[in-house]
Amino acid sequence: ALERTFSIIKPDATRRNITGKVLSYIEAAGLRVVAQKRLHLTKEQAEGFYAVHKERPFFNDLVAFMISGPVVVQVLEGENAVATYREVMGATNPANAAEGTIRKDLAESIEANSVHGSDAPETAAQEIAYFFKDEEIVG
Ligand code: CMP
């Protein structure tokens with residue numbers, strides 16, 4: 001079914017000026033950008049977004065990394081968008097990511113892994129609402 005997912009192009013990708021390269025993988029997979037903005041997250045925004053990871057040992061480093069430079073937040077639309085984008089991204093750790101995925105080809109490390117994508121349709125709806133108003137999404 002036609003679905004939406006939420007994506008973040010992370011600071012390691014904006015720093016290296018490869019957001020267009022990342023987008024080429026997204027579009028090649030048949031996903032469409034229906035909303036997009038460039039933001040420099042505040043500490044509060046990053047902590048709130050990743051609240052589910054609050055107790056994890058990597059939480060503080062993750063937040064520091066996510067506010068270390070601008071990000072591009074996106075809403076992607078397509079058939080089975082959540083699963084499709086997870087496939088295109090590849091495994092969280094680029095060392096384990098399959099050939100041809102964004103993380104295998106472009107990511108620097110498990111932390112600087114270039115992209116975030118929602119893990120389920122319910123999370124996608126929450127994550128989209130965290131950054132976008134309905135009228136900012138143009139399908
Ligand atoms: P993301 O999909 O954005 O969700 C949480 C992020 O934490 C994850 O991608 C990784 O970039 C980051 N992270 C850093 N260290 C780890 C780790 N040891 N295990 C899982 N995620 C990690």
Side-chain angles (χ1 to χ4, degrees):
L2 199 63
E3 192 175 73
R4 286 175 176 172
T5 192
F6 175 74
S7 161
I8 305 179
I9 303 179
K10 296 187 179 185
D12 64 285
T14 59
R15 176 167 46 75
R16 288 177 286 152
N17 200 26
I18 57 168
T19 64
K21 201 172 274 184
V22 172
L23 186 54
S24 71
Y25 285 74
I26 291 171
E27 292 185 339
L31 297 169
R32 287 174 183 274
V33 178
V34 294
Q36 172 166 270
K37 54 191 167 189
R38 184 175 173 100
L39 299 172
H40 199 136
L41 299 180
T42 64
K43 187 158 179 279
E44 291 65 34
Q45 269 178 314
E47 286 173 346
F49 182 77
Y50 280 122
V52 62
H53 296 304
K54 212 167 41 210
E55 306 305 330
R56 305 271 216 120
F58 57 81
F59 180 73
N60 287 341
D61 285 347
L62 171 63
V63 168
F65 168 66
M66 290 301 292
I67 67 173
S68 68
V71 299
V72 177
V73 295
Q74 303 172 311
V75 180
L76 308 179
E77 188 176 87
E79 283 296 313
N80 300 312
V82 171
T84 299
Y85 192 39
R86 292 187 74 76
E87 220 166 278
V88 176
M89 289 193 297
T92 303
N93 187 345
N96 303 327
E99 292 298 332
T101 62
I102 293 170
R103 285 165 172 163
K104 172 70 177 187
D105 291 352
L106 304 175
E108 296 182 320
S109 67
I110 191 168
E111 176 177 273
N113 67 352
S114 302
V115 280
H116 165 84
S118 308
D119 62 5
E122 303 72 45
T123 350
Q126 291 167 8
E127 293 179 350
I128 290 168
Y130 194 80
F131 285 104
F132 291 98
K133 298 176 189 160
D134 281 347
E135 60 264 34
E136 291 178 313
I137 304 169
V138 182

Side chains of [X] and [Y], heavy atoms from C-beta outward: is any pair under 4.5 Å?
{"X": "Val73", "Y": "Ile8", "answer": "yes"}
{"X": "Val115", "Y": "Tyr85", "answer": "yes"}
{"X": "Arg16", "Y": "Ser114", "answer": "yes"}

Cationic N near anionic O, under 4.0 Å, Arg32 to Glu77: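 No, Arg32 and Glu77 are not salt-bridged.
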Salt bridge (charged side-chain N to carboxylate O under 4.0 Å, His left out) pairs, two or more places apart, involving residues 60-72: none
Counting distance only, does the side-chain N/O of [X] pair as donor-acceptor with the main-chain N or O of [Y] below 3.5 Å?
{"X": "Tyr130", "Y": "Phe49", "answer": "yes"}
{"X": "Asn113", "Y": "Asn93", "answer": "no"}
{"X": "Thr5", "Y": "Gly117", "answer": "no"}
{"X": "Glu3", "Y": "Val82", "answer": "yes"}
{"X": "Arg4", "Y": "Ile128", "answer": "no"}

Drop me the distance from [X]'s [atom1] to [Y]'s [atom2], to the nearest 0.5 angstrom.
{"X": "Leu31", "Y": "Asn80", "atom1": "CG", "atom2": "CG", "value": "10.0 Å"}
{"X": "Phe59", "Y": "Lys54", "atom1": "CZ", "atom2": "NZ", "value": "7.5 Å"}
{"X": "Leu62", "Y": "Lys10", "atom1": "CG", "atom2": "NZ", "value": "6.5 Å"}
{"X": "Phe132", "Y": "Glu127", "atom1": "CZ", "atom2": "CD", "value": "11.5 Å"}
{"X": "Asp12", "Y": "Ile18", "atom1": "CG", "atom2": "CD1", "value": "6.5 Å"}
{"X": "Met66", "Y": "His40", "atom1": "CE", "atom2": "NE2", "value": "10.0 Å"}

Mind listing the closest non-hydrogen atom pair of [X] and [Y] along with its distance?
{"X": "Ala124", "Y": "Ser118", "result": "CA-OG, 3.3 Å"}
{"X": "Val138", "Y": "Glu135", "result": "CG2-O, 4.4 Å"}
{"X": "Thr14", "Y": "Pro70", "result": "OG1-O, 2.7 Å"}

Geometric class of the His116/Tyr50 ring pair [parallel <30°, tilted 30-60°, perpendicular >60°]: perpendicular
Parallel, tilted or perpendicular: ring planes of Phe6 versus Phe131, cut at 30 and 60 degrees: parallel
Audit row: Arg103, Asn96, side chain to side chain contact (heavy atoms under 4.5 Å, CB included) steps and yes/no: CA-CA 9 Å; Arg103 285 165 172 163; Asn96 303 327; over 6 Å; no
Intermediate values then yes/no, side chain to side chain contact (heavy atoms under 4.5 Å, CB included), Val33 and Leu76: CA-CA 5 Å; Val33 178; Leu76 308 179; 3.9 Å; yes
Those residues that, when tested against Lys43, pass side chain to side chain donor-acceptor pair (under 3.5 Å) (two or more places apart): Glu47
Enclosure of Glu87 CD (heavy-atom neighbours >12, cutoff 6.0 Å): no
Step-by-step side chain to side chain contact (heavy atoms under 4.5 Å, CB included) determination, Phe58 to Ile110: CA-CA 10 Å; Phe58 57 81; Ile110 191 168; over 6 Å; no
In one Ile/Leu/Val/Met/Phe/Trp/Tyr side-chain cluster, 4.5 Å: Val75, Val71: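 The answer is yes; both residues are in one hydrophobic cluster.
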Step-by-step side chain to side chain contact (heavy atoms under 4.5 Å, CB included) determination, Gln74 to Ile9: CA-CA 8 Å; Gln74 303 172 311; Ile9 303 179; 3.7 Å; yes
For Lys21, salt bridge (Lys or Arg N to Asp or Glu O under 4.0 Å) partners two or more places apart: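 Partners of Lys21 by the salt bridge (Lys or Arg N to Asp or Glu O under 4.0 Å) criterion come out as none, since no residue qualifies.
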